[in-house]
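Reviewing the structure listed below.
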There are 2 protein chains.
Amino acid sequence: MTQRGSYAKGVARREQILEAALAVIAREGYRAASVREIADAVGLSQAGLLHYFDSKEHLFVEILRKRDELDLRTYHPEGGGDLPAAYERMIAHNAQVPGLVHLFARMSVEAGDPAHPAHAYFADRTAGFLDGLRDWFQHAADAGRMAPEVSPATASRLVQAAWDGAQLQWLLDPSVDMAAIVRAAFQSALTGREAQLR
Amino acid sequence: MTQRGSYAKGVARREQILEAALAVIAREGYRAASVREIADAVGLSQAGLLHYFDSKEHLFVEILRKRDELDLRTYHPEGGGDLPAAYERMIAHNAQVPGLVHLFARMSVEAGDPAHPAHAYFADRTAGFLDGLRDWFQHAADAGRMAPEVSPATASRLVQAAWDGAQLQWLLDPSVDMAAIVRAAFQSALTGREAQLR
DNA sequence: GTCTATACTCTGATAGAC
DNA sequence: GTCTATCAGAGTATAGAC
């Protein structure tokens, strides 16, 4: 009884909608990333769906948030373990859901406008990723596994940019190996790189 | 008299339109990257402008092509000289024209769809850049300046991805140093990196 | 070659009934 | 909470006059 019934129900429904939306876009591809398609898929009218969100853009940001939540829970190690391996798993998964990658890319471009509802989401997300990366590289440096002339900050930026850029290249040509690109970015800052970059 | 008058005039007008469009978007920003804005800027009606292009999408592809043409002429060395320095100049220039970077990013996402008019443009452009990069890294390898375990192909992909990704990050946060990210990507494959990555 | 005018499509937003 | 119905707006494409 910590939540009023109707409120809790609304929240639950919202979550359920987001998960359903995620599933459709994953399954049907980028075409399904429109308000009408999602409404159909979750069994609501367009107006019924928008009842739960401030606008189309807000809906899509929430979809991406939910995706992050699920992905982090599924693929991310506890307490900053093997970050490159976690990234690899996420990327391998992404390669199965081009619709979501496309939606993410579209939104990240649109979010360039500071007034866009997704702007804060991407700013926070980027900051979060960079924090995790910097910590990881710092640990690598402390363990002597890092080229001393490479700062964790720059290495982190490079990994992040490589990931985003690899997605763009992959959307254009699915034969592109996203994981290899990100792996290369990681290794760029590390010592003992023999036989790793190919 | 190698060209018929009216045809040559049409072509010339087209080039002139593209250069004017480029100038407006560079000056006015991403907002100006719409058919109506460009029509106004070049002193034509919307229909008048579209008379020269098959569609809106084709118009924008041609704008990007023209930009490449001018940028390559201005910033690119003859015969594959100092590629990183050329990139650096281009990136410094890009940082002055956010509207064009934004347009480019938008188009590169939309071009993910193989049916999109920009698809071939981006495929060709990527292939061209990768060729140039691979040649350059190959020369570096021949000169013994490259970590032997790094293939020119992977290094090229990484540089390309880093550039694209850096642009996305920069659009989101203009304090991001695009040049530093691309520089880091270049150096990742090279030996003698002391005091270069920061 | 260029314009005016219009038609059309898509899609998001809103009002109001149930 | 959800629907139907309608509106509003953006923006492209086209027809046809000059």
Side-chain angles (χ1 to χ4, degrees), chain A residues 3-21 24-25 28-64 99 102-103 106-107 109-111 113 115-118, chain B residues 3-21 24-25 28-63 99 102-103 106-107 110-111 113 115-118:
Chain A
Q3 292 178 309
R4 251 85 46 78
S6 63
Y7 178 71
K9 189 184 170 194
V11 169
R13 183 85 175 99
R14 225 177 104 110
E15 298 302 297
Q16 177 194 339
I17 288 170
L18 292 174
E19 284 170 29
V24 211
I25 301 172
E28 306 291 333
Y30 184 64
R31 306 266 179 80
S34 76
V35 177
R36 277 197 163 78
E37 291 293 326
I38 294 172
D40 287 355
V42 303
L44 277 177
S45 69
Q46 185 197 240
L49 172 57
L50 285 186
H51 169 73
Y52 290 93
F53 302 92
D54 291 341
S55 73
K56 168 213 173 190
E57 309 297 351
H58 287 87
L59 163 62
F60 285 113
V61 179
E62 293 309 313
I63 290 175
L64 292 180
H102 202 154
L103 174 63
R106 181 187 91 191
M107 296 290 284
V109 170
E110 291 176 357
D113 177 355
H116 193 282
Chain B
Q3 293 178 308
R4 252 89 44 80
S6 63
Y7 178 71
K9 189 183 169 194
V11 169
R13 184 83 174 99
R14 223 177 105 109
E15 299 301 298
Q16 177 195 337
I17 287 170
L18 292 174
E19 283 170 31
V24 211
I25 301 172
E28 305 292 333
Y30 184 64
R31 306 268 178 80
S34 75
V35 176
R36 274 200 165 77
E37 291 295 322
I38 294 171
D40 287 355
V42 302
L44 278 176
S45 69
Q46 185 197 232
L49 172 58
L50 285 188
H51 170 74
Y52 290 94
F53 303 91
D54 290 342
S55 73
K56 169 212 172 193
E57 309 297 350
H58 288 87
L59 163 62
F60 284 113
V61 178
E62 293 309 313
I63 290 175
H102 202 154
L103 174 63
R106 181 186 88 190
M107 296 289 283
E110 291 175 358
D113 177 356
H116 193 281

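Quick note on labels: first sequence line is chain A, next is B, and so on, each numbered from 1.
Distance E110(A) CD to dG12(C) P: 11 Å, rounded to the nearest Å. Atom CD1 in I38(A) sits about 12 Å away from atom P in dT11(C), given to the nearest Å. For the pair D40(B) CG and dT12(D) P, the computed distance is 12 Å after rounding to whole Å. Summarising the geometry, the separation between CZ on F53(B) and P on dT14(D) is reported as 16 Å, rounded to the nearest angstrom. Going from atom CG of L59(B) over to atom C1' of dA13(D) covers 14 Å, rounded to whole Å. The CZ-P distance, from R36(B) to dG11(D), rounds to 7 Å in whole Å. At whole-Å resolution of the value, CG in L44(B) and C1' in dC3(C) are 10 Å apart. dT12(D) atom P lies 10 Å from atom CG of L49(B), rounded to whole Å.
Comparing Q46(A) and H51(A) by the nucleotide of DNA chain D that holds the closest heavy atom to each, the one mapping nearer the 5' end is H51(A).
Residue S45(B) places its side chain closer to dT4(C) than to any other of dT4(C), dA13(C), dA13(D). Distance from the side chain of S55(B) is smallest to dA13(D) among dA13(D), dG12(C), dG1(C). Among dG12(C), dA15(D), dT12(D), the nucleotide with an atom closest to any side-chain atom of K56(B) is dT12(D). Which of dT12(D), dA15(C), dC3(C) sits closest to the side chain of A47(B) comes down to dC3(C). Checking dC3(C), dA13(C), dC3(D) against every side-chain atom of L50(A), the shortest atom distance belongs to dA13(C).
Listed here is the closest heavy atom pair of A32(B) and I25(B): O-CG1, 4.0 Å. Between F60(A) and V35(A), the shortest heavy-atom contact is CZ-N, 4.2 Å. A pairwise comparison of heavy atoms in M107(A) and E57(A) identifies CE-O, 4.0 Å as the closest pair.
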Pair L18(B)-F53(B), side chain to side chain contact (heavy atoms under 4.5 Å, CB included): steps then yes or no: CA-CA 11 Å; L18(B) 292 174; F53(B) 303 91; 3.7 Å; yes
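For the pair I38(B)/L44(B), no side-chain contact is recorded, criterion being any heavy-atom separation below 4.5 Å from C-beta on.
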